[in-house]
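Each remark here refers to the structure printed beneath this line.
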Amino acid sequence: MIRAIKGTRDLLPPESGLFEEVETVAREVFRLYNFAEIRTPIFETTELFARSVGEETDIVTKEMYTFQDRDESSLTLRPEATASVARAYVEHRLWEKPGLTRLYYMGPMFRRERPQKGRYRQFYQIGAEVMGSGAPQVDFELLEMLTLLLQRFGLTDAELLLNSVGCPQCRPAYHEALRKALEPRLPRMCADCQRRAQTNPLRVLDCKVPEDQPIIAELPVLKDYLDLGCREHFQQVCQLLDSAGIRYRLEPRLVRGLDYYTRTAFEFVHGALGSQNSLLGGGRYDGLAQVLGAPAQASQGIGFAIGEDRFVLALQAAREKAGAIVPAGSDVFIAPVGAEVQSACLALARELRAAGLSVETGEAGRKLGKLLELASRTGARFALLVGEQDLSGNQIPVKQLATGHQQSVERAGLSDYLKQALTAAPVTAGEVGKS
RNA sequence: GUGAGUGUAGCUCAGCUGGUAGAGCGCUGGAUUGUGGCUCCAGUGGUCGUGGGUUCGAUCCCCAUCACUCACCCCA
């Protein structure tokens, strides 16, 4: 049997419906903040990611799907989308348009990691970027938009973690101080930290080994090394959040794994996600566009990416907790009584669909009992029992499957009756999905 | 890349220190040729992940391998 390859999966109903719902609501919320969609290619030159994400990052050194095209150029399946958006910003000189560039995207990303709960090799991200301004106000509005999106789904138990990671001007001093402080302490730390001290010293701060915690507490804190500009920027972001009543937790040890981040860095974490608890992450990346060819004064940017798979996981947990059920089936199931009403039933279905109802048609000629059983078990909300005499009398029996209540309805007023009844009637007692 | 756990029917799982497999759910039909959910009956289902070894005999014990899951790592 041919199976989906490791780390990839088929999104089937009812779960695929949740992805659709998350995307729909995200689009609505993005529209409120005047974001428009960008669709970038799913593969790019390898160089783009090496230059923007960072040559030494884990993503670039060991997680990318890179391959040779037939002309021998090196291409890579996108591991994230900010690089592509920045590339498009530069390629189309978007800074020359009036106002800020506010773009959102959604789609699959690819990283070759060992699969785990909430971690896949093909995974889905929903993200947005604001380019062309370094104002703290922009950071604030982005975070506010995210809290609104989480609110829309009732994920109010997600927690915002906030930090400033400085800029290329002040970070080297911190790096130096950190390295000095680490040197004498390293022998007492775990093997991972000893390795990280070489590859990515900032990640030492993120270590979870209990024995290392007292040592980490003694290390210099990035906050104390921020230059004036970075410090004021961060302070203003915090003030704006405070005055809007948005809760957050300062996390001086929050570190991002991509090289392009500057100043504001944030993450929303959620308890239902297991060890991959980061629901979404993002931050400012003020120099990125310049690296790719934008003029310095237009190269500021900030953005985030939501892990859609994780978002859905959290949503499922929340809905399960709330005991929510959703109808899985069609609005209407048409049950033909006898083989000779086939085409009349199909015409009726056409009529109801034209009125906006979702209609499933039972196979003409099957026993009515079987058809009703099918209607009920597929979660249809109403069944129409359509035989010769019903058609000739222009009275169609309509059965509400959850209650068993049945009444005849004038054919001409059928779609209006159904639409009205659908909003009033309880959800089917038939098969329901786990949300 | 590293570690641990698990692989038996479409799904969830049972299977006694080793005698070549069961249940529930599902699916199809019937009881019920114009009335579903409940019930009853029948049918449909499996190279017991794969390969090798031990044994008279292996779903069970041993080795290898693959897959899945979780964790490390990393990140969304």
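Below, read A as the first sequence line, B as the second, and so on, with proteins coming before strands; counting in each chain starts at 1. Worth saying up front: this structure is predicted, and the values here are computed from it rather than measured.
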Sorted by number, the residues of residues 263-285 of chain A with heavy-atom contact under 4.0 Å to RNA chain B: A/Gly274, A/Ser275, A/Gln276, A/Ser278, A/Leu279, A/Leu280, A/Gly281
Whole angstrom is fine here: how far is it from CG in A/Leu205 over to C1' in B/rC74? 16 Å
Classify the nucleic acid contact of A/Asp390 as base, sugar-phosphate or nothing, counting any heavy atom under 4.0 Å across all strands shown. base
When you measure only distances, ignoring hydrogens and angles, does the side chain of A/Ser376 come within 3.5 Å of the base of B/rG36 through a donor and an acceptor? yes
Stepwise ring pair (Phe, Tyr, Trp, His ring centres under 6.0 Å) test for A/Tyr104 and A/Phe35: CA-CA 6 Å; A/Tyr104 75 85; A/Phe35 282 77; 7.5 Å; no
Tell me what A/Gln406 touches on the nucleic acid: a base, only sugar-phosphate, or nothing, going by heavy atoms under 4.0 Å. base
Tell me if the centroids of the rings in A/Phe311 and A/Phe153 come within less than 6.0 Å of each other. yes
Contacts to RNA chain B from residues 101-125 of chain A, heavy-atom cutoff under 4.0 Å, which residues? A/Arg111, A/Glu113, A/Arg114, A/Gln116, A/Lys117, A/Gly118, A/Arg119, A/Tyr120, A/Phe123, A/Gln125
Contacts of A/Leu148 that satisfy side-chain contact (heavy atoms from CB on, under 4.5 Å) - sequence neighbours left out: A/Val29, A/Leu32, A/Tyr33, A/Gln151, A/Arg152
With sequence neighbours left out, write down each residue that passes side-chain hydrogen bond (donor to acceptor under 3.5 Å, both in side chains) with A/Arg188, or none if nothing qualifies. none
Please confirm whether the backbone N or O of A/Pro79 pairs with a side-chain atom of A/Arg111, one donor and one acceptor, at under 3.5 Å? yes
Within residues 141-158 of chain A, find the residues that approach RNA chain B with a heavy atom at under 4.0 Å, and present them sorted by residue number. none
How long is the line joining NZ of A/Lys370 and C1' of B/rG29, in whole Å? 6 Å
Counting the atoms with a prime plus P, OP1 and OP2 as sugar-phosphate, which does A/Arg366 contact under 4.0 Å by heavy atoms, base, sugar-phosphate, or nothing? sugar-phosphate
With the side chain counted from C-beta on, respond yes when A/Gln395 and A/Val409 share a heavy-atom pair under 4.5 Å apart, and no when they do not. no
Got a donor-acceptor pair under 3.5 Å from the side chain of A/Glu373 to the base of B/rG37? no
Which part of the nucleic acid does A/Lys399 contact within heavy-atom distance under 4.0 Å: base, sugar-phosphate only, or nothing? base
Near RNA chain B, under 4.0 Å by heavy atom, which residues of residues 22-43 of chain A? none
